[in-house]
Amino acid sequence: MAEKTVLDLNKMRNIGISAHIDSGKTTLSERILFYTGKIHSIHEVKGKDSVGATMDSMDLEREKGITIQSAATFCQWKDHSINLIDTPGHVDFTVEVERALRVLDGAILVLCSVSGVQSQSITVDRQMKRYGVPRMCFINKMDRAGANPFRGIQMLREKLSHNAHLVNYPIGAEDQFQGSVDLLTLKAHYFDGDNGEKLRIEECPPELKDKCIEARNSLLEALADFDDTLAEKYLDGQEITEAEMIPVIRKATMSLNFTPVFVGSAFKNKGVQDLLDGVLRYLPTPLESKEKALDQRNGEAEVQLVPDPNKPLVALAFKLEDGRYGQLTYMRIYQGTLRKGDFIFNINNGKKVKIPRLVRMHAADMVDIEEASGGDIVALFGVECASGDTFTDGTIEYTMNSMHIADPVISLSIKPKKREFQVNLSKALGKFGREDPTFRVSRDEESGETLISGMGELHLEIYIERMKREFNCEVEVGQPQVAYRETFTKKARLDYTHKKQTGGSGQFAKIQGILEPLPEDAVQNYEFVNETVGGSIPKEYIPACDKGFQEQLKKGMLIGAPVVRVRCTVEDGAFHAVDSSEMAFRVAAMAAIRESYMAAGPTILEPIMKVEVQAPEEFQGAVIGNLNQRRGVILDTATNEGYVIASAFVPFSEMFGYSTVLRSATQGKGEFTMEFAKYEPAPRNVQETLMKEYQKERAAANK
């Protein structure tokens, strides 16, 4: 029987857990599910049992001990409902973090107490800021050798510019970590029982009293900036109670200018209940969401969405999965009500669909429900759509901004090992393309090969493994190809007349204008400007010019890579009353680019990765030397607990096979992370090599 629930939105939280890889996000999620009664036994991420963590439901996730897909669940804590999304930490799956943060009201940033802020922590923080998500921080792994939460707070302030302050103070560290002191009440919290489920509250240990009072005063000083009444009481030396502090911490956190910091050890079952209390106290309810939509019937005017069940429906599909029963669409409802059997309208493609089944997710398991309303996160079966589509009840035409999607940086050519695998390969590529906007499929016209593109080697490796397991399709994989780009370095004139006379009407179009580079920090890769006056080109042909430019810029003339950071301006032209057409102007625009291409100083751009390497100090020389050999630019080196941490910008083309080299150079003790940083012009010798290879490939294809 399907559940019918009416949710009190004041007692609801939509939160995500994000962090650098291996900071303990999934372990923390597992403990949250245990303490909220959602599961009755704890399974470890890399445990000896065959079950694995609840939130890592894919076999591949359990084998590799990493999270690949964000997993959603819901639970209850102290009469509050929590929708929780555990996101991957590996940069190759960063789109999973993007789409989770796009629809969440609050987030928990998890840091490792030993490593502090790492490269992916910086990326995750940038994503939280992009979507304006209030966050708390949980400094995890307090039981590890070298645990130092104060260094973590320092890094939060210096590297991420957070106004971060402890709200509970650790009692001991490493193998002496016992619990924490709540700085609001100055009471010590201990977590007893086999799984830390029994909270024991005692007086603050005498040896920590002075340090805790100092930390409390530091917290109050920070909060004084957000509330005048509290500031006055603090300056007058009056006692400030827990009840007075909670609303101010909440207000400060919601302003995005303050980060409350909790400490604990999810693995040792300490501090998770305090963190859950913090979620209820300090993170926003759906009623406090500031989500806006664009009204398509009113010139894209901005409209504030309200999670009122009686208003017209507005929902955003933020994640797709092909489940056992067909496509599963995760949806955040911003206003109105979704009911099983209702018809809803996809504003992006204009299709009307019926909701055959509505469920709440618990990792890979699901609970059928009859209806859900504004503020909730649910999943639907049988609704064909793309990630980022907006749905309404048909009475309004609102669209919502989708999530930020990064461009792929690596491509592989693939072909099925046997001819009979071809159908399954097509199904797999179609499914993965719908699921993951950063996974792209294309065809190399010259070689006829199928190319898959993604965010990194692991990203594509996972999909190739999934083809084998889920679709019984084995593929042969070609050499990795770097996603190079082309751009221009100077202005060039566009001036081309297209004339073609055949029997009957001919073709005529003339285009004059400017081809120029956009600045490096431009938001878009292509800009079209129409500066024609006096009808020199009729306005109905202007879009054809735009289309022609874009079509020609898909493939550059140096190495056939897409051309980026370009502005095409049409200033003048001519037309013929009979012979001009859309096709003529499109052809003229394409030819104009080709003719002026070399005059605009084309250059090849290569993707540059931000690489962070961690290895024992004795290998510092080998690590730095190897990064330099790979054309790396060292940004920073630091030491921590006998380890050197080096960060550098390195061209992606130089990073293939680096993991093997690093392992052998550091006796298997080194590890690294990398993420895409920017595109930069490749050195002249690299450009020449790439151009020669491209010419050879073209010559071979034309034979």
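In this chain, numbering begins with 1 at the start of the sequence shown.
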Straight-line distance of [X] [atom1] to [Y] [atom2], nearest 0.5 Å:
X: Trp77; Y: Ile82; atom1: CH2; atom2: CD1; answer: 8.5 Å
X: Arg151; Y: Ile139; atom1: CZ; atom2: CD1; answer: 10.5 Å
X: Ile108; Y: Leu28; atom1: CD1; atom2: CG; answer: 6.0 Å
X: His165; Y: Leu223; atom1: NE2; atom2: CG; answer: 8.0 Å
X: Ile201; Y: Thr185; atom1: CD1; atom2: OG1; answer: 7.0 Å
X: Leu313; Y: Arg339; atom1: CG; atom2: CZ; answer: 9.5 Å

Any side-chain heavy-atom pair of [X] and [Y] under 4.5 Å:
X: Thr253; Y: Pro260; result: yes
X: Val167; Y: Leu219; result: yes
X: Ile344; Y: Thr392; result: no
X: Pro284; Y: Arg13; result: no
X: Lys187; Y: Val181; result: no
X: Leu104; Y: Ile15; result: no
X: Glu291; Y: Leu316; result: no
X: Phe191; Y: Val272; result: no

Of all heavy-atom pairs between [X] and [Y], which one has the smallest distance, and what is that distance?
X: Cys204; Y: Cys212; value: SG-SG, 4.0 Å
X: Gly196; Y: Gln273; value: O-NE2, 2.8 Å
X: Pro170; Y: Pro149; value: CG-CG, 3.8 Å
X: Leu183; Y: Leu166; value: CD1-O, 3.3 Å
X: Leu156; Y: Cys137; value: CD1-SG, 3.8 Å
X: Pro286; Y: Leu9; value: CD-O, 3.5 Å

Within the side chain of [X], is there an N or O that forms a donor-acceptor pair under 3.5 Å with the backbone of [Y]?
X: Asn195; Y: Glu197; answer: no
X: Thr639; Y: Val644; answer: no
X: Arg157; Y: Ala164; answer: yes
X: Asn163; Y: Asn257; answer: yes
X: Gln335; Y: Pro312; answer: yes
X: Glu174; Y: Met142; answer: no
X: Arg565; Y: Leu518; answer: no
X: Thr36; Y: Leu33; answer: yes
X: Arg31; Y: Ala266; answer: yes
X: Asp236; Y: Gln238; answer: no

Can a donor-acceptor pair be found between the side chains of [X] and [Y] at a distance below 3.5 Å?
X: Thr399; Y: Gln296; answer: yes
X: Thr229; Y: Glu232; answer: no
X: Asn14; Y: Asn83; answer: yes

Any chance [atom1] of [X] has more than 12 other-residue heavy atoms, nucleotides or ligands included, within less than 6.0 Å?
X: Lys129; atom1: NZ; answer: yes
X: Asp228; atom1: CG; answer: no
X: Asp636; atom1: CG; answer: yes

Honestly, is [X] close enough over [Y], meaning NZ or CZ under 6.0 Å from the six-membered ring centre and within 45° of the axis?
X: Arg332; Y: Tyr330; value: no
X: Arg250; Y: Tyr282; value: no
X: Arg200; Y: Tyr190; value: yes

**Prompt:** How are the rings of Phe226 and Phe258 set to each other: parallel, tilted or perpendicular (split at 30° and 60°)?
**Reply:**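 If you compare the ring of Phe226 with that of Phe258, the planes turn out perpendicular.
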**Prompt:** Could you walk me through whether Thr285 and Glu288 pass the side chain to side chain donor-acceptor pair (under 3.5 Å) check?
**Reply:** CA-CA 5 Å; Thr285 71; Glu288 291 156 315; 3.2 Å; yes
**Asked** Does the side chain to side chain contact (heavy atoms under 4.5 Å, CB included) test come out yes or no for Ile396 and Val303, once each step is laid out?
**Response** CA-CA 11 Å; Ile396 52 173; Val303 185; over 6 Å; no
**Steps toward side chain to side chain contact (heavy atoms under 4.5 Å, CB included) verdict (Asp143, Asp175)** = CA-CA 5 Å; Asp143 57 302; Asp175 56 351; over 6 Å; no
Pair [X] + [Y]: basic N to acidic O under 4.0 Å:
X: Lys159; Y: Asp125; answer: no
X: Glu675; Y: Arg126; answer: yes
X: Glu244; Y: Lys233; answer: yes
X: Arg281; Y: Asp277; answer: no

**Message:** Phe150 vs Tyr169, test: ring-ring contact (aromatic ring centres under 6.0 Å, His included). Steps then yes/no.
**Reply:** CA-CA 10 Å; Phe150 307 106; Tyr169 194 92; 5.4 Å; yes
**Item:** Pair Tyr398 + Phe391: ring centers closer than 6.0 Å
**Value:**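 Aromatic pair excluded; centres sit 6.0 Å or further apart.
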Between [options], which is the residue that forms a side chain to side chain contact (heavy atoms under 4.5 Å, CB included) with [X]?
X: Leu294; options: Glu302, Met400, Glu397; result: Glu302
X: Leu186; options: Glu242, Arg216, Glu203; result: Arg216
X: Leu184; options: Asn168, Thr241, Ile246, Ile240; result: Ile246

**Request:** Starting from the C-alpha separation in whole Å, work towards a yes-or-no answer on side chain to side chain contact (heavy atoms under 4.5 Å, CB included) for Leu283 and Asp105.
**Result:** CA-CA 8 Å; Leu283 291 182; Asp105 301 322; over 6 Å; no
**Item:** Test log, rule side chain to side chain contact (heavy atoms under 4.5 Å, CB included), inputs Glu202 and His189
**Value:** CA-CA 7 Å; Glu202 294 191 358; His189 289 191; over 6 Å; no
